[in-house]
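Computation of the quantities below employed the complete heavy-atom set of this structure, encompassing side-chain atoms and omitting hydrogens, waters and symmetry-equivalent molecules. Being a predicted model, the structure only gives us computed values, none of them experimental.
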Amino acid sequence: MKFVPILITTIFLNLFVGNAQIVVIQGNGNSAQSWQDHYDQAPNVGSCFEGVLKDSEKQEILNYVNLIRSLHNLVPVTYDYTGDSYAQKASLIQVANSFLSHTPPTSASCYSDDGYYGSENSNLFLYQMTGSNSDVDSKDAVTGWMWDNNSANAQDRCGHRRAIINPFVTKISFGRVDGQSNVGNSWGIGMALKYMDNVNGDISARPIDYVAYPYQSYPIELVDKSWYLSFSPFYDMTGWYKNTNVDYTNVQISVTKEDGTPLNVNSIIYDFEGWGAIQNNLRWKVDGLQNEIKYIVDIKNIVVNGQNKEYNYWFKLTDNIYNQKPDIPLLSYPQDNAQNVPLNVSFSWSVVNYAYSYKFQLSTDFNFQNIVKDTTVASNGIIAQGLTPSTQYFWRVRAINDIGQSDWAQTFTYTTAAPKPDKPNLVYPTNNLQDVSIIPTFKWNNIAGAQTYQIQVAYKSDFSGFSVIVDKSGLTDTTFTPDAGQLDNSMTYYWRVASYANGQKSTYSNVWSFKTKAQVIPDPATLSYPANNAVDVELTPLLKWDDMPNATTYKVQVATNYNFAQDNIVINQAVNQSSYQVKSSELQPNIKYYWRVQSIGESGFSDWSLIWIFTTGSEQSVKTKMEDGTIQIIPNPTSDFVSIKVNKDIAYNATIQVYDLFGYLVHSSLVNSQTNGEFDLNLSKLPVGIYYFRIQTNGDIYTGKIEKI
């Protein structure tokens, strides 16, 4: 069929984005294949339905593009199925309006935002003909983009070609729509190759010095010998936009046959405009190119990133390019003889030149008689799921192209991990439990064989996104308490637990929910002892107050000033009970003291209690002196038993209390008057340290200190 191509290109946001080509075909053609055979659902342009393209059609374009890229030693692209709608709707707009535009107006027939986005980010192609019986191979669009020999507003930029052989492109999507135009009588075939939003590659792992067109053995059908050859050097492999420091001012280009015969090089041009997202490109024409002849290209005096560079390569336009079978892949993961491999594993191998698909086999025997998986993939990897635990597997790969296939790669073997442990059963907080503490202790049942556990707490039942606020793994116990502040009051939370054993993770437990209790601030404490305005108070009184609901701890302060100025505070302690044993030397005799208590709960602090006052007595009235012989402690220090003798009459039912250094009561008992003021204490079960005792009888208080060693 005779066709005349017309190309247009547009500019967007200071970057040259996308390219377009229109082809007009005269007359009706006949084909063994109908245009409907390209679709799972045929398009209907009149109803603005773009149709559903077959996966085989997309695969054909992906294979063809990757074959071309392989000729330039470029990393293959993958197919971006998320871009299908954009490419398909962009093709629909072009056909419906019998025009090509990267920025179609909203008034255009079959306009959509997706179609606009696809038009903006794609190579575009449009066939127009007088009848609908002609069929066109989708690969013809790719061939036309590689020729790039006629453009309406970018006549000599070759932007379509630069897109297909752009090293930094990582993904493509393809669209095609056949149908009658909505603004005329012509039948059209619109095609779109979306790529511009996927020019994000980093080719540091497979660097190249340049991309030349044509290069080495090159298919005849991909070159218009009368049009421009092209060349782009690269020095920064981390981004397409980082290769503009190139000076072509004094460039010299020569093209000779293999026997040294020179050809006429003319029409040398270059630009840094970013067509196809390659921002530097040198182009020239050569007179008299022929097929099946090897040509040598020499390029001199290009300044690349500050260095004068020379380049030399060859090309040959030939029909024999497809006689090259792909090389043998190199397997990479799982490594040979790997152990404890997960049951869901991602296999990978090397990218092979001239390959556009790979044959993968997985078996439980070395001879591949018991094959578990046998499939063909376009990329250099595949995921296998649900394999059998504690099983040895063997795997291999071969590369495939249109000519044939490589030999099998060296067979690798690996062994899967042991079976997954059972999932835990949750215990507390029970499902749908209300009024749960904001610092709960989560509990679950122990799983036999489990080595560690993972707990997750979230405010969404699907644990999606950032809803997970607790994610703790490596737990060896079946309980977990989060840090204060991680959970809020009056919130519904969801939690689950997984177990781990031998590198395997169980499925998560059932998801349970609970709601934390509302924020409750405890009431201020009510003081009880010493009474307000008490006098002649002992030097080591037991300060007491009522236990307050919702209080978990208390803060007690004693000061010599009603304002509790920092310099006047003599006691400032946090305690877990509703009392505080004043220690020896904390208070002085004959001093007026002010004291108050603050209740502390999970949700915050109460106000301070009322301030009460007490005045200590003199040392003589409190009877704390032992040197006058009133109190004898034998032995002191002691390791277990100690005898305390008070050389005074002790009333029946007098009390003795023993406190540790931090004011906690560790012993309390009655003193029998028949002992004549002498009794024994057993300290053998107490830790080593300093202890204080307090004997109260007949309004008198006797105190002393015991050292446990």
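Under the 30°/60° scheme for interplanar angles, the aromatic rings of Trp145 and His160 are found to lie parallel. Taking the six-membered ring where the residue is Trp, Tyr210 and Tyr215 present perpendicular rings, their angle passing 60° and hence far from 30°. Using cut-offs of 30° and 60° on the angle between ring planes, the pair His72 and Tyr218 is perpendicular.
You'll find the side chain of Asn281 stays beyond 4.5 Å of the side chain of Glu273, heavy atoms only. Gln180 has its side chain within reach of Asn185: a pair of non-hydrogen atoms, C-beta onward, lies under 4.5 Å apart. Taking 4.5 Å as the limit, every side-chain heavy atom of Asp209 sits out of range of all side-chain heavy atoms of Tyr235.
A salt bridge between Arg283 and Asp148 is absent, with no side-chain N of the basic residue lying under 4.0 Å from a carboxylate O of the acidic one. Classification of Arg176 and Asp178 as a salt-bridged pair holds, one side-chain N sitting under 4.0 Å from a carboxylate O. Ion pairing between a basic and an acidic side chain is recognised when a charged N comes within 4.0 Å of a carboxylate O; Asp40 and Lys54 show such pairing. Remark: Asp374 engages Lys359 in a salt bridge, criterion side-chain N to carboxylate O under 4.0 Å.
In the displayed structure, Tyr241 atom OH is contacted under 6.0 Å by at most 12 heavy atoms of other residues, nucleotides or ligands.
Side-chain rings of Phe412 and Phe394 stay apart, their centers remaining 6.0 Å or farther from each other.
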request  = Step by step, work out the ring pair (Phe, Tyr, Trp, His ring centres under 6.0 Å) result for Tyr228 and Trp284.
outcome  = CA-CA 5 Å; Tyr228 284 98; Trp284 65 95; 9.0 Å; no
